[in-house]
*Asks:* 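Sharing a structure below in structure tokens format, with a few things to ask.
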Amino acid sequence: MASFRMLRFLLLLVLSTTNVLILHPVGTYANSTTNAKQRHKPLFVFGDSAFDPGNNQYLDRMEKGPAYYSPYGQHFFAGATGRHSDGRIVPDFIAQNANLSLIPPCLETGANFTNGVSFASAGAGVFSDLPGVMNLEQQVMKFDEIKEWFVQKFGDVKSRKALKRAVYVFGFGGKEYLSLYFNGHNISKTYQRLYAEMVVRNLTNAVLELYNAGGRKFGFQNVGPLGCLPMLKAKKPELKDACIEELMSMARKHNKILAGTLKRLGEYMPGLKYSIFDHYNSLLDRINNVTNYGFEEGKAACYQNEPEALNWMNWGGNNWMEQYTLCHNSSRYIFFDGMHTTESANSQIAELMWDGPPSTTQPWTLKQLFEL
Ligand SMILES: *[C@@H]1O[C@H](CO)[C@@H](O)[C@H](O)[C@H]1NC(C)=O
Ligand SMILES: *[C@@H]1O[C@H](CO)[C@@H](O)[C@H](O)[C@H]1NC(C)=O
Ligand SMILES: *[C@@H]1O[C@H](CO)[C@@H](O)[C@H](O)[C@H]1NC(C)=O
Ligand SMILES: *[C@@H]1O[C@H](CO)[C@@H](O)[C@H](O)[C@H]1NC(C)=O
Ligand SMILES: *[C@@H]1O[C@H](CO)[C@@H](O)[C@H](O)[C@H]1NC(C)=O
Ligand SMILES: *[C@@H]1O[C@H](CO)[C@@H](O)[C@H](O)[C@H]1NC(C)=O
Ligand SMILES: CC(=O)N[C@H]1CO[C@H](CO)[C@@H](O)[C@@H]1O
């Protein structure tokens, strides 16, 4: 796979040089035809707890996480499913907009993967390696198995076409910066930048692997306003309405590097089309201006353990923690637990990813990618 090696090399170059490179834009794409909408276009999801529809229950773990117990999921599902929300997560809404059924976890045996697969795994990082969690690399390895499933089911030609028309959505990166933050304070700006470059390089390596396997359309949710997570702010009441700047700046740095890298890669990878959703600013704006978006509470979690000090994650749950408080109406909250957003916030986020204005979603929207 010489061309793949070359791309990897170019990626290193793109990330490691400040010199101006001579770029050769590739701008020829097939014109979409009128029956494009009927074509088979699966959705593949990669990410962490924000995108996990329940993969971790199939992994060898001592104990299922709180999202497998009440009151998670109940706003929409009959019971908890492993989704870290009161109801649907962002990929559920994206699938709905793309006229696809709910995207099953890749580890669910006997599942119908025709409409796509979710590889997302709660706790996943780009290069973190926790037991009972599929990190990015393992998620991409799983994709190879699913590719085989497509070939078996639809044959070589049809599966190749489906994988090319498919949209690959990524929600990654937050974990890396939270780990860095928890591992030690006052990390130098230079180290933060090198670290962010490494995270982005690893993430774009995965994109290259999927591109090499035939993928062409990629969607990214950039890193959110990590310093505003209720579980972190609960430990720092002195901050009042402000968020933890150290984490905010790491997220911004990652997002800037991600956007620059994809822009440059797009010019080397024929046919690559991507969408970046500005999760950071979209969520931050909602946190700061709740009422503009139909919320009442943007800072506290709906679902909190009581007393809060017992559980730093701010997770409760009938089978997890005995004492907890649940807000009256989770639809009015942005955060469901200390780290994860509610279904109503997820629905707004997904809408922006799907068809948001260029100020939040660019250069393409997911809707445009699905329509290609
Ligand atoms: C696609 O083809 C149609 C008809 O040939 C043309 O009118 C339209 O402008 C083309 N669209 C793009 C994006 O090239
Ligand atoms: C979904 O279905 C609706 C109604 O049939 C259609 O208008 C829309 O274009 C479809 N969307 C996609 C992305 O296929
Ligand atoms: C799998 O899903 C596809 C798309 O929804 C459907 O057409 C097909 O019949 C399903 N296959 C099985 C075995 O259920
Ligand atoms: C943080 O690091 C900077 C530069 O290395 C140093 O000047 C500063 O004193 C450090 N602050 C703390 C609180 O350790
Ligand atoms: C990410 O980085 C780790 C450690 O450097 C490496 O082992 C792994 O192969 C990389 N993953 C991808 C997808 O590039
Ligand atoms: C919860 O809040 C939403 C949004 O304000 C509202 O539409 C819904 O009716 C409320 N539900 C209950 C049970 O009060
Ligand atoms: C649209 C809007 O009102 N945005 C405001 C949200 O909150 C931030 C911080 O308080 C303001 O700077 C924005 O103008």
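We count ligands from 1, going down the list as the structure has it; atoms in each ligand are counted the same way.
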*Asks:* Partners of Cys228 by disulfide bond (SG atoms under 2.5 Å apart), sequence neighbours excluded?
*Replies:* Cys243

*Asks:* Can you check whether His279's main-chain N or O pairs, donor with acceptor, with Ser282's side chain at less than 3.5 Å?
*Replies:* no

*Asks:* Compile the protein residues with any heavy atom at a distance under 4.0 Å from an atom of ligand 6; present them by chain, then by number.
*Replies:* Asn329, Ser331, Arg332

*Asks:* Would you verify whether the NZ or CZ of Arg83 falls within 45 degrees of the ring axis of Tyr72 while also being under 6.0 Å from that six-membered ring's centre?
*Replies:* no

*Asks:* With a 3.5 Å distance limit and no angle check, can you tell me whether Tyr181 reaches the backbone of Leu226 through a side-chain donor-acceptor pair?
*Replies:* no

*Asks:* Is the side chain of Lys41 donor-acceptor paired with the backbone N or O of Phe370 at a distance under 3.5 Å, no angle test?
*Replies:* yes

*Asks:* Should Asn112 be counted as touching ligand 3, given the test is an N or O pair under 3.5 Å?
*Replies:* yes

*Asks:* Does any non-hydrogen side-chain atom of Leu210 lie less than 4.5 Å from one of Val207?
*Replies:* no

*Asks:* Give every pair formed by an N or O atom of ligand 7 and a protein N or O atom closer than 3.5 Å, one pair per line with both atom names and the distance to 0.1 Å, or write none.
*Replies:*
unit_1, atom_1, unit_2, atom_2, d
ligand 7, 3 (O), Asn292, ND2, 3.4
ligand 7, 4 (N), Asn289, ND2, 3.3
ligand 7, 7 (O), Asn289, OD1, 2.5
ligand 7, 7 (O), Asn289, ND2, 2.8

*Asks:* Between Lys217 and Glu371, is there a salt bridge with N-O shorter than 4.0 Å?
*Replies:* no

*Asks:* Ile257 and side-chain contact (heavy atoms from CB on, under 4.5 Å): which single residue from Arg201, Arg193, Met198 fits?
*Replies:* Arg193

*Asks:* Using atom types as modelled, flag every donor-acceptor pair under 3.5 Å from a side chain in residues 291-300 to any protein atom, sequence neighbours excluded.
*Replies:*
unit_1, atom_1, unit_2, atom_2, d
Tyr293, OH, Asp285, OD2, 2.4
Glu297, OE2, Lys299, N, 2.9
Glu297, OE2, Ala300, N, 2.9

*Asks:* For the residue pair Phe127 and Tyr195, categorise the inter-ring angle as parallel (less than 30°), tilted (30 to 60°) or perpendicular (more than 60°).
*Replies:* perpendicular

*Asks:* Taking only heavy atoms of Asn115, which atoms of ligand 3 are found under 4.0 Å from at least one of them?
*Replies:* 5 (O)

